Protein chains: 2
Amino acid sequence: MHSEAVASRSAEHRDSRESRNGTPHLDSVSLAIIEQLQEDGRRPYAAIGKAVGLSEAAVRQRVQKLLDQGVMQIVAVTDPLTVGFRRQAMVGVNVEGDVENVADALTAMPEVEYVVMTAGSYDLLAEIVCEDDDHLLDVINKRIRALPGVRSTESFVYLKLKKQTYMWGTR
Amino acid sequence: MHSEAVASRSAEHRDSRESRNGTPHLDSVSLAIIEQLQEDGRRPYAAIGKAVGLSEAAVRQRVQKLLDQGVMQIVAVTDPLTVGFRRQAMVGVNVEGDVENVADALTAMPEVEYVVMTAGSYDLLAEIVCEDDDHLLDVINKRIRALPGVRSTESFVYLKLKKQTYMWGTR
DNA sequence: GTCGAGACTTGCGGATTTCGTAGTCTTGGC
DNA sequence: GCCAAGACTACGAAATCCGCAAGTCTCGAC
């Protein structure tokens, strides 16, 4: 009875192998589940099951696995400005030597929300969330610039956040 | 009986006014609720209530209001790479004329995840999520550069995402 | 001083959801 | 051909969600 929304499940039934980079492979059903939870992280398993063509228990197992594997997390997100963090900035970093080491050091800092290695005129981009100007200055000048291997940094202080979505796949 | 975890509630009891920029004011109890949901977006209301010193019903009301006001959203977040979006980039944009207009145009594009106005050598930063190189090229060269007011752009293609958290306040 | 609004608590019952477990089916390895 | 593992279904019990009502408390307006 519940067999729309997903073309052929048996065809991709056994499908939990890993792709070469170690990230787990996601079939279309898991994708559909993620889409449901991107719309509403608290949507009940039964409703999701109806939407993707699975039983409640199956959805529950899949979601649990996705969470355990770290593929997905269900969290509350806010605009930091409304939660009392008044200064944010993106910092471009140039590195000499091993970029990954610096990236790991940045990752370890609680004020750093986001770290990505890039191709272009910076080796790394890091987003920083702070309480005020002093805090921001401290993080950038004292802590980041002091890291071994950091050649130079350039900062972009946020003036206004215009968009922030989490809806990949829902388009 | 349930009066730990929050020092004095009566002191900040009536506290639903708005600050001058239109964003609702958040008291420490709502902050605590948000923290709980940042750890686990599906945590039951009763458990949250126990943690923040409120009844289940009160937590339910507060959460609903926070969602309605748009202060917070509860969603699943993923690493786009594992969900089939193979190319991401940050784009720095320089604008002549009204920056806000360009920001709005970027906001309207589905491939654009994140838009922020900044102080520094770019006027805007935009994060782009695409399926492949062709798609990315198309968005940057055909669509963004074609926007009226865009003077120049610089791109940073993502090589590896190192960190991505949503835990403001939980520190 | 009185009154009304807003936020919270307690209590409740019913609908819904979650959770564990047992059983079925399919697939790949041997 | 047989077996073990993985994914799914089915189902009952426990927990949660949800709406509602009544009563308390505080604050600000009048």
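None of the values given here were measured: they were computed from a predicted structure. Below, each value reflects all heavy atoms present in this structure, side chains not excepted, and no hydrogens, waters or symmetry copies. The sequence lines fix the lettering, A, B, ..., with proteins before strands; numbering per chain opens at 1.
- Residue A:Ile48 contributes atom CD1, which lies 14 Å from atom P of D:dT9 at whole-angstrom precision.
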Per-nucleotide protein contact string for nucleotides 12-19 of chain D, where B marks a base within reach and S marks sugar-phosphate only (heavy atoms under 4.0 Å, - for neither):
----SSBB
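- Note that CZ of B:Arg151 is 7.0 Å distant from CG of B:Asn94, once rounded to the nearest 0.5 Å.
- Residue A:Gln69 contributes atom CD, which lies 14 Å from atom C1' of D:dA7 at whole-angstrom precision.
- Computed from coordinates, the B:Gln64 CD to C:dC8 P distance equals 14 Å when rounded to whole Å.
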Test side chain to side chain contact (heavy atoms under 4.5 Å, CB included) on B:Arg60 and B:Glu56; report intermediate values, then the result.
CA-CA 6 Å; B:Arg60 208 193 320 152; B:Glu56 177 267 344; 3.0 Å; yes
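- In this pair, B:Tyr122 and A:Phe156 present their aromatic rings parallel. The plane angle is below 30°, not in the 30 to 60° band.
- A:Val102 places none of its side-chain heavy atoms less than 4.5 Å from the side chain of A:Asp123.
- Atom CG of B:Leu54 is separated from atom P of D:dT24 by 20 Å (rounded to the nearest Å).
- Regarding B:Asp27, its CG atom lies at a distance of 12 Å from the C1' atom of C:dC8, rounded to whole Å.
- Under the 3.5 Å distance criterion, the side-chain polar atoms of A:Arg87 are left unmatched by any main-chain donor or acceptor of A:Val157.
- A:Leu26 places its CG atom 16 Å from the C1' atom of D:dA7, with the value rounded to the nearest Å.
- A:Leu67 places its CG atom 13 Å from the P atom of C:dT18, with the value rounded to the nearest Å.
- For A:Lys65 and D:dG6, the shortest distance from a side-chain N or O to OP1 or OP2 is not below 4.0 Å.
- For the atom pair CG of A:Asn141 and OG1 of A:Thr153, the computed distance is 7.0 Å after rounding to the nearest 0.5 Å.
- In terms of heavy atoms, B:Leu124 sits closest to B:Thr118 at N-OG1, 4.1 Å.
- Checking side-chain atoms of B:Lys163 against main-chain N and O of A:Ala126 turns up no donor-acceptor pair under 3.5 Å.
- Atom NZ in B:Lys50 sits roughly 14 Å away from atom P in C:dT9 (whole-Å rounding).
- Taking the C1' atoms of five terminal pairs at each end of the helix from C:dG1-D:dC30 to C:dC30-D:dG1, the two resulting helix axes are inclined by 40°, rounded to 10°.
- For the atom pair B:Leu26 CG and B:Arg62 CZ, the distance stands at 9.5 Å (nearest 0.5 Å).
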